[in-house]
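Before any comments, here is the structure.
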Protein chains: 2
Amino acid sequence: MTIYDEFAFIDKIKPNKIHNQQLIAGIGDDAALVGLPQDRDQIICLDTMVEDVHFTTKTMSPNQIGHKALAVNISDIAAMGGIPAYYLVSIAIPKTWSQVDVEAIYEGMHKLSEAYQVDLIGGDTVFSPGPLMVSVTLIGYIEKGKKLLRSNARPGDVVFITGTVGDSAAGLDLLLKHGSNYSYNNSETYLTERHQLPSPRVEIGCHLAILDRVSLNDISDGVASEANEIAKASNVDIHLDEQKLPLSNQLLHYSQERAMEYALFGGEDFELIGTTSATDWEVFQQQMVEQNILVTKVGSVVEGKGEVYLSTKGTLTLLEKRGYNHFK
Amino acid sequence: MTIYDEFAFIDKIKPNKIHNQQLIAGIGDDAALVGLPQDRDQIICLDTMVEDVHFTTKTMSPNQIGHKALAVNISDIAAMGGIPAYYLVSIAIPKTWSQVDVEAIYEGMHKLSEAYQVDLIGGDTVFSPGPLMVSVTLIGYIEKGKKLLRSNARPGDVVFITGTVGDSAAGLDLLLKHGSNYSYNNSETYLTERHQLPSPRVEIGCHLAILDRVSLNDISDGVASEANEIAKASNVDIHLDEQKLPLSNQLLHYSQERAMEYALFGGEDFELIGTTSATDWEVFQQQMVEQNILVTKVGSVVEGKGEVYLSTKGTLTLLEKRGYNHFK
């Protein structure tokens with residue numbers, strides 16, 4: 001993209017509506033300026049997506065790239081039990097990308113930002129002599145004193161997972177095989193869209209934030225990796241019941257054989273995995289049933305030294321942390 | 001860099017000291033969690049540096065790249081009159097970069113963060129199939145209700161500049177000619193270090209934040225560009241007196257001929273340019289004199305339609321906004 005200048009481009013992507021009334025000055029000065037709520041703590045996260053590392057134009061449209069770049073960050077805020085509020089975008093654009101495609105990235109972010117009431121307040125637009133890179137910083141809030149950290153798990157806790165897992169990895173598998181313009185059937189389209197247009201679980205995170213004590217992770221790197229992070233940070237063991245892991249019919253239809261591999265090690269489902277006391281689990285489960293939201297008890301927390309075991313028909317197997325690691 | 005994994009690397013760069021006591025959880029969870037001050041507004045900015053676009057390894061050491069990536073952001077907070085508090089780093093690392101060099105980037109940031117009492121609270125570390133990219137998000141605070149925006153200039157204001165301008169561009173010129181390992185004399189070293197290790201003007205920004213009304217920009221793109229931004233945002237004209245622009249002896253010694261070109265269009269000085277009422281200018285100037293900080297009155301604000309004029313021996317010339325534009 002070389003046809004117009006940075007200043008004209010910024011004017012173009014500047015939102016014309018504000019969701020957070022405490023925004024004092026957004027895009028257009030050295031920095032953004034926001035007023036602060038009195039009864040909240042703040043959550044800040046950042047995720048970067050690189051072309052041909054985290055996505056390819058074969059598997060994702062520009063619109064979907066934008067959606068996902070923001071969604072993975074909203075998911076991190078959800079995993080802290082928070083509500084997203086503001087985002088900043090750093091984008092490095094190669095010459096080979098057209099103006100229309102770059103704008104489509106911003107449109108993908110913008111559409112998702114409308115759904116979650118998040119405001120674009122700044123960023124940086126630079127030229128890339130290499131691949132396209134999109135880095136999003138997201139700022140959110142949570143009620144003062146609430147901490148849904150990985151280190152909160154205690155022996156006796158119930159381990160739960162929201163929605164279904166493994167779909168995104170199966171979807172990516174399909175997209176790598178056939179590309180994004182292939183005529184997928186309904187069941188396959190469900191899987192590819194789970195990969196391309198993930199829905200962060202902000203609403204469920206907020207329900208969890210009301211409970212006394214919750215450990216929580218979003219599933220970006222597969223169930224095995226996320227469960228290990230909670231076990232290690234909390235210095236407890238986690239036992240997962242293989243039979244109880246929530247798998248979609250679409251996933252089982254696509255490959256019954258590899259479904260468990262996708263669920264445990266595939267990642268990018270952006271569902272939530274967490275633990276809470278048996279008492280609070282009852283309360284939470286009831287709320288979810290009333291709202292018709294799928295949440296599944298998948299195991300339990302026991303005393304230990306930070307390991308995860310998979311229980312298969314009564315046999316326990318050590319489940320190691322493998323998942324997506326950019327340097328391997 | 002491929003020799004160790006992301007998790008070991010994060011353990012390595014995690015700071016072992018906290019400057020801001022309101023930090024509840026930093027690196028190591030889905031997101032960072034911070035408590036919020038009651039009497040402040042928040043400032044957020046983001047700047048990205050790309051290898052071979054914003055710097056080359058011929059002109060900057062890894063340590064200096066880290067210093068500068070954080071410094072340009074601290075400068076943005078200074079230009080809002082704020083105090084920096086937290087930063088997040090997104091880094092995309094090519095295979096060709098060694099572990100030692102990547103760690104040196106973080107050391108450069110860390111050293112500067114100690115000087116400005118800023119805490120590293122998160123980020124993302126990814127592989128780059130292209131150039132190295134460093135993107136820093138910085139969060140800071142300012143007293144509630146204070147706004148040192150570009151749009152604050154009014155007719156009758158004094159225009160001022162901190163320090164000297166043009167040094168960084170001359171330094172870059174030297175570095176592009178001879179590289180960073182050349183034996184520069186003292187005067188030349190002053191110029192190259194002004195390019196490689198800029199000092200953001202946070203302290204001066206804080207003094208300005210006490211005044212009634214101040215418009216302010218940091219000089220990242222040259223005096224001409226920054227003055228134009230203020231003039232346009234405030235819908236006033238700015239007259240700059242060429243004779244009064246603060247140039248260092250080292251710059252004049254290096255090239256009397258090109259000194260003014262460097263000052264007006266060179267950029268990356270990370271000094272501040274701003275305007276305030278004549279009364280407040282007196283107060284501010286007195287404070288700066290007492291602290292032995294150089295601040296120079298370089299012109300005045302008049303009614304107009306957002307243009308900047310350079311006054312040279314009584315003749316006014318339109319000074320257009322040209323400076324660094326990544327897409328040109």
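All of these numbers come straight from a predicted model, not from anything done at the bench. All heavy atoms count here, side chains included; hydrogens, waters and symmetry mates do not. In the text below, chain A, chain B and the rest are named by the order of the sequence lines, each starting its count at 1.
- Here the straight-line distance linking atom CD1 of B/Ile44 with atom OH of A/Tyr87 works out to 14.0 Å at 0.5 Å rounding.
- With a 4.5 angstrom heavy-atom cutoff, A/Leu216 touches chain B only via backbone atoms.
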Go through A/His54 and B/Val126 one step at a time and tell me if the side-chain contact (heavy atoms from CB on, under 4.5 Å) criterion holds.
CA-CA 9 Å; A/His54 302 92; B/Val126 299; 3.5 Å; yes

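- Neither the backbone nor the side chain of A/Gln22 comes within contact range of chain B; no heavy atom of the residue lies under 4.5 Å from a heavy atom of that chain.
- The CD atom of B/Gln38 sits 9.0 Å away from atom CG of A/Asp39, with the distance rounded to the nearest 0.5 Å.
- For the atom pair A/Asp47 CG and B/Asp124 CG, the distance stands at 4.5 Å (nearest 0.5 Å).
- For A/Ala79, the parts lying under 4.5 angstrom from a heavy atom of chain B are both the backbone and the side chain.
- At a 4.5 Å heavy-atom cutoff, the contact between A/Lys146 and chain B is made by backbone atoms alone.
- Only the side chain of A/Val50 comes within contact range of chain B, with at least one heavy atom under 4.5 Å from a heavy atom of that chain.
- B/Ile24 CD1 to A/Asp41 CG: the interatomic distance, rounded to the nearest 0.5 Å, is 3.5 Å.
- Considering only heavy-atom pairs separated by less than 4.5 Å from chain B, the leading option among A/Gly123, A/Gly145, A/Ala78 is A/Gly123.
- Ranked by heavy-atom pairs shorter than 4.5 Å toward chain B, the options A/Ala32, A/Cys45, A/Gly130, A/Ala92 are led by A/Ala32.
- For the options A/Ala233, A/Pro129, A/Pro37, A/Gly140, heavy-atom pairs under 4.5 Å to chain B are most numerous at A/Pro129.
- The side-chain heavy atoms of A/Met80 and B/Leu33, taken from C-beta on, include a pair separated by under 4.5 Å.
- Using a 4.5 Å cut-off between heavy atoms, A/Ile121 contacts chain B through its side chain alone, with no backbone atom that close.
- Of the residues considered (B/Leu149, B/Leu36, B/Ile43), B/Leu36 shows the highest number of contacts with chain A, using heavy-atom pairs under 4.5 Å.
- Between the side chain of A/Arg150 and the backbone N or O of B/Gly28, at least one donor-acceptor pair lies under 3.5 Å.
- B/Thr137 OG1 to A/Leu46 CG: the interatomic distance, rounded to the nearest 0.5 Å, is 5.0 Å.
- The most heavy-atom pairs under 4.5 Å with chain B, out of A/Ser135, A/Gly35, A/Pro131, come from A/Pro131.
- Of the atoms belonging to B/Ile139, it is side-chain heavy atoms, and not backbone ones, that fall under 4.5 Å from chain A.
- At a 4.5 Å heavy-atom cutoff, the contact between A/Tyr141 and chain B is made by side-chain atoms alone.
- Residue B/Asp30 holds its CG atom at 7.5 Å from CD of A/Glu229, rounded to the nearest 0.5 Å.
- Heavy-atom contacts from other residues, nucleotides or ligands closer than 6.0 Å to CD of B/Glu307 number more than 12.
- Heavy-atom pairs under 4.5 Å with chain A were tallied for B/Ser90, B/Ser128, B/Gly122, B/Gly82; the largest tally goes to B/Ser90.
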